[in-house]
**Q** 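First, the structure itself, so that you have it in front of you.
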Amino acid sequence: MSNTQTFLMKPKVDFCFKELMADAEVRKGFISALLDIRPEEIVWTKLLPTHLRTEHPEDKLGILDIRVSILEQAEDEDDPSKQESQMDLEIQLAPFPLWPERSLFYLAKMFAGEIHKGENYEVLQKCIHVGILDFKLFEEDEEFYSRFHLWEDYRRRMYTDKLEIHILELPKLKDGNYPDTELLNWARFFNAEQKEEFEMAAEASSHVERAYERLTDISADEEKRLEYEAREKAIRDHNYLMDYNLKRGLKEGREQSTKAFIEMCQNDSHSREETASRLIHWLSLSPKAAEKYLEKYWKP
């Protein structure tokens, strides 16, 4: 990177993430780390259309961040078999309480979309959903990375390997002490914001180093920088509006609850002084706030 270049995009902003995953070598490096295989075992990866097929006009539309087709070579060099699969890679910055349901929806839609009328179940390939989250999904767990399959509850027998979910929780990197792995290097790279953090991740992995090179290239591209900044602004505006509407909703809810409480106290023949005391004690209002509500809602 040029000594004069100080601006670097954040990989966890979806625009930057998509630009990075457009590079075949970067894509192969990250996917091999996720699947815990050598990059040489991946014959190729191909970007696929991100709009998932719908059967009926009223069906919910599925639009993925990155959809990839992957062809893996068997690890045994004497085994000529290959396995093709599909992977959905998604970045999510804002907390999303229903993320498990959302990821299952996209995974199931991707899996079911592989089969067409007249085909049999043999055409169904493995489908993998990957969520790179900038929030903690499993607060009670220390691990930053989780990998899920369908298992029998008691005998731990795998039902099928055709459905798989991977979760990376980036905020856990700050305080966690994890063994150095290729996937950890990638997680640190995606979570990085400062030049020193990017360089540290790149020094530990040649594939992450390639991603860092691509990051510097797209960060220096004026047109891409404008697109990135527009996307970052859209995310900020969305988060602000969500926060504003939440606070407004809470304020309006508290307003209505307090009004109803005062009306109830009056209907039960409590005095204004008793009602003020109850507002302070039961609704945790300050004396000043209680008096303000009484002035507004107490009926003479």
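Quick note: residue numbers are just sequence positions, from 1.
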**Q** Does the side chain of Val13 come within less than 4.5 Å of Arg231's, by heavy atoms?
**A**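 Side chain of Arg231 against side chain of Val13, heavy atoms only: contact under 4.5 Å found.
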**Q** With rounding to the nearest 0.5 angstrom, report the NE2 to OG1 distance, His149 to Thr160.
**A**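 Reported value, rounded in 0.5 Å steps: 9.0 Å.
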**Q** What's the spacing between Ile70 CD1 and Met87 CE if we round to 0.5 Å?
**A**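 So the gap between those two atoms works out to 4.0 Å.
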**Q** Verify the neighbour count for atom CD of Glu122: are there more than 12 heavy atoms of other residues, nucleotides or ligands below 6.0 Å?
**A**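 Count not over threshold, so no.
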**Q** Should the ring pair Tyr145 and His166 be called parallel, tilted or perpendicular, given that the plane angle runs from 0 to 90° and is split at 30 and 60?
**A**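 Tyr145 vs His166 ring planes: tilted.
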**Q** Determine, stepwise, if the pair Ile262 / Leu294 fulfils side chain to side chain contact (heavy atoms under 4.5 Å, CB included).
**A** CA-CA 7 Å; Ile262 292 173; Leu294 285 168; 4.1 Å; yes
**Q** How many angstroms lie between atom CD of Glu199 and atom CD of Glu197, to the nearest 0.5 angstrom?
**A**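 Rounded to the nearest 0.5 Å, the CD-CD separation comes out at 11.0 Å.
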**Q** Indicate yes or no: at least one non-hydrogen side-chain atom of Met110 is less than 4.5 angstrom from one of Phe105.
**A**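 Side-chain contact under 4.5 Å: no.
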**Q** Would you please test Asp175 and Lys172 for side chain to side chain contact (heavy atoms under 4.5 Å, CB included) and show each step?
**A** CA-CA 6 Å; Asp175 301 317; Lys172 291 183 177 180; over 6 Å; no
**Q** When you look at Val68 and Met21, which way does the side chain to side chain contact (heavy atoms under 4.5 Å, CB included) test go after all the steps?
**A** CA-CA 10 Å; Val68 184; Met21 289 299 116; over 6 Å; no
**Q** Would you give the length of the straight line joining atom CZ of Phe17 to atom CG of Leu93, rounded to the nearest 0.5 angstrom?
**A**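 Reported value, rounded in 0.5 Å steps: 11.0 Å.
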**Q** Under 6.0 Å between ring centres: does that hold for Phe144 and Tyr178?
**A**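 Phe144 vs Tyr178: aromatic centres under 6.0 Å.
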**Q** Quick check against the 3.5 Å criterion: does Glu274 have a side-chain atom that pairs as donor or acceptor with the backbone of Ser271?
**A**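 Yes, the answer is positive, given that a donor and an acceptor are paired below the 3.5 Å cut-off.
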**Q** Can you find a pair of side-chain heavy atoms, one from Leu34 and one from Val130, that are under 4.5 Å apart?
**A**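 Yes. Closest side-chain heavy atoms under 4.5 Å.
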**Q** Nearest 0.5 Å, please: how far is CG in Leu89 from CG in Asp14?
**A**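 The CG atom of Asp14 sits 13.0 Å away from the CG atom of Leu89.
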**Q** Show the numbers, then the answer: is there a salt bridge (charged side-chain N to carboxylate O under 4.0 Å, His left out) between Arg225 and Glu222?
**A** CA-CA 5 Å; Arg225 177 170 178 168; Glu222 187 62 27; 5.3 Å; no
**Q** Using atom types as modelled and distance alone, determine if a side-chain donor or acceptor of Gln266 lies under 3.5 Å from a backbone N or O of Lys299.
**A**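 Yes; judged by distance alone, with no hydrogens or angles, the pair exists.
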**Q** Any side-chain to backbone donor/acceptor pair from Lys162 onto Leu124? Under 3.5 Å, distance only.
**A**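 Such a contact is found between Lys162 side chain and Leu124 backbone.
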**Q** Is there a path of hydrophobic side-chain contacts, each under 4.5 Å between heavy atoms, that joins Val43 and Ile31?
**A**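 No, separate clusters.
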**Q** Do other residues, nucleotides or ligands put more than 12 heavy atoms under 6.0 Å from Glu101 CD?
**A**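 Correct, the count exceeds 12.
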**Q** For the side-chain contact (heavy atoms from CB on, under 4.5 Å) test, which of Lys46, Gln125, His129 pairs with Gln86?
**A**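 Exactly one option meets the side-chain contact (heavy atoms from CB on, under 4.5 Å) with Gln86, and it is Gln125.
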**Q** Decide side chain to side chain contact (heavy atoms under 4.5 Å, CB included) for Lys18 and Ile66; before the verdict, give the C-alpha distance in whole Å, the side-chain angles of both, and the deciding distance to 0.1 Å.
**A** CA-CA 7 Å; Lys18 291 175 184 179; Ile66 301 289; 3.6 Å; yes
**Q** Short question: side chain of Asp141, backbone of Glu143 - any donor-acceptor pair under 3.5 Å?
**A**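 Checked: no pair found.
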**Q** Looking at every non-hydrogen atom in both residues, tell me the closest pair between Ser103 and Ile165 and how far apart they are.
**A**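 The answer is OG-CD1, 4.2 Å.
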**Q** Taking 4.0 angstrom as the limit, do Arg272 and Glu291 come out as a salt bridge?
**A**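 Counted as a salt bridge, because a side-chain N and a carboxylate O are separated by less than 4.0 Å.
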**Q** Give a yes or no on whether the backbone of Glu19 and the side-chain of Lys224 come within a donor-acceptor separation of less than 3.5 Å.
**A**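 No, because the side chain of Lys224 does not come within donor-acceptor range (under 3.5 Å) of the backbone of Glu19.
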**Q** Are the side chain of Arg214 and the backbone N or O of Val26 linked by a donor-acceptor pair below 3.5 Å?
**A**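 No, the answer is negative, given that no donor and acceptor are paired below the 3.5 Å cut-off.
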**Q** If you look at every heavy atom in Met9 and Ile218, which pair is closest and at what distance?
**A**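 Distance-wise, the nearest heavy atoms are CE-O, 3.3 Å.
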**Q** Search all heavy atoms of Leu107 against all heavy atoms of Cys127 and return the closest pair with its distance.
**A**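 Between these two residues, the closest heavy atoms are CD1-O, 3.3 Å.
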**Q** Could you walk me through whether Phe189 and Phe198 satisfy the ring-ring contact (aromatic ring centres under 6.0 Å, His included) test, starting with their C-alpha distance in whole Å, then the side-chain angles of each, then the deciding distance to 0.1 Å, before giving a yes or no?
**A** CA-CA 6 Å; Phe189 173 78; Phe198 287 116; 5.5 Å; yes
**Q** Is the ring pair Tyr293/Tyr297 parallel, tilted or perpendicular, if the boundaries are 30 and 60 degrees?
**A**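 Parallel, since the angle between the ring planes stays under 30°.
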**Q** Ring centres under 6.0 Å, that's the criterion: do Phe96 and Phe135 meet it?
**A**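 No, ring centres 6.0 Å or more apart.
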**Q** Quick check: do Asp134 and Gln92 have side-chain heavy atoms less than 4.5 Å from each other?
**A**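 No - every pair of side-chain heavy atoms lies 4.5 Å or more apart.
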**Q** Within the side chain of Glu41, is there an N or O that forms a donor-acceptor pair under 3.5 Å with the backbone of Arg38?
**A**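 Flag set: sc Glu41 to bb Arg38 pair under 3.5 Å.
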**Q** Is Tyr228 reaching over with its side chain to a backbone N or O of Lys10, donor-acceptor style, under 3.5 angstrom?
**A**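 Yes; judged by distance alone, with no hydrogens or angles, the pair exists.
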**Q** Do Pro11 and Leu20 have side chains that approach each other closer than 4.5 Å (heavy atoms only, starting at C-beta)?
**A**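 A side-chain contact under 4.5 Å exists here.
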**Q** Taking all non-hydrogen atoms of both residues, which atom of Phe148 and which atom of Phe138 are closest, and how far apart?
**A**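 Closest heavy-atom pair between Phe148 and Phe138: CZ-CZ, 3.7 Å.
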**Q** Give a yes or no answer on whether the side chain of Asn191 reaches the backbone of Ala187 with a donor-acceptor pair at less than 3.5 Å.
**A**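 Not a single qualifying donor-acceptor pair exists.
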**Q** Please determine whether the number of non-hydrogen atoms from other residues, nucleotides or ligands lying under 6.0 Å from atom CD of Glu40 exceeds 12.
**A**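 Above 12, so yes.
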**Q** Can you measure from CD (Glu114) to OH (Tyr121) and round to the nearest 0.5 angstrom?
**A**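 The CD atom of Glu114 sits 13.5 Å away from the OH atom of Tyr121.
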**Q** Between Glu182 and Ser205, does any side-chain donor sit less than 3.5 Å from a side-chain acceptor?
**A**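 Note: Glu182 and Ser205 side chains meet the donor-acceptor criterion.
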**Q** What heavy-atom pair brings Trp99 and Glu90 nearest, and what distance separates the two atoms?
**A**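 The pair with the smallest heavy-atom distance is CH2-CB, 4.3 Å.
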**Q** Considering only heavy atoms from C-beta outward, does the side chain of Thr45 approach that of Leu71 to under 4.5 Å?
**A**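 The answer is no; the side chains never approach within 4.5 Å.
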**Q** Are any of the side-chain heavy atoms of Lys259 and Glu263 separated by less than 4.5 Å?
**A**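 The answer is yes, as the side chains (C-beta and beyond) meet within the 4.5 Å cut-off.
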**Q** For a 4.5 angstrom cut-off between non-hydrogen side-chain atoms, does Asn185 reach Arg188?
**A**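 In contact.
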**Q** Can you name the nearest heavy-atom pair linking Lys12 to Ile91, along with the distance?
**A**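 What the structure gives for the nearest pair is O-CG2, 2.8 Å.
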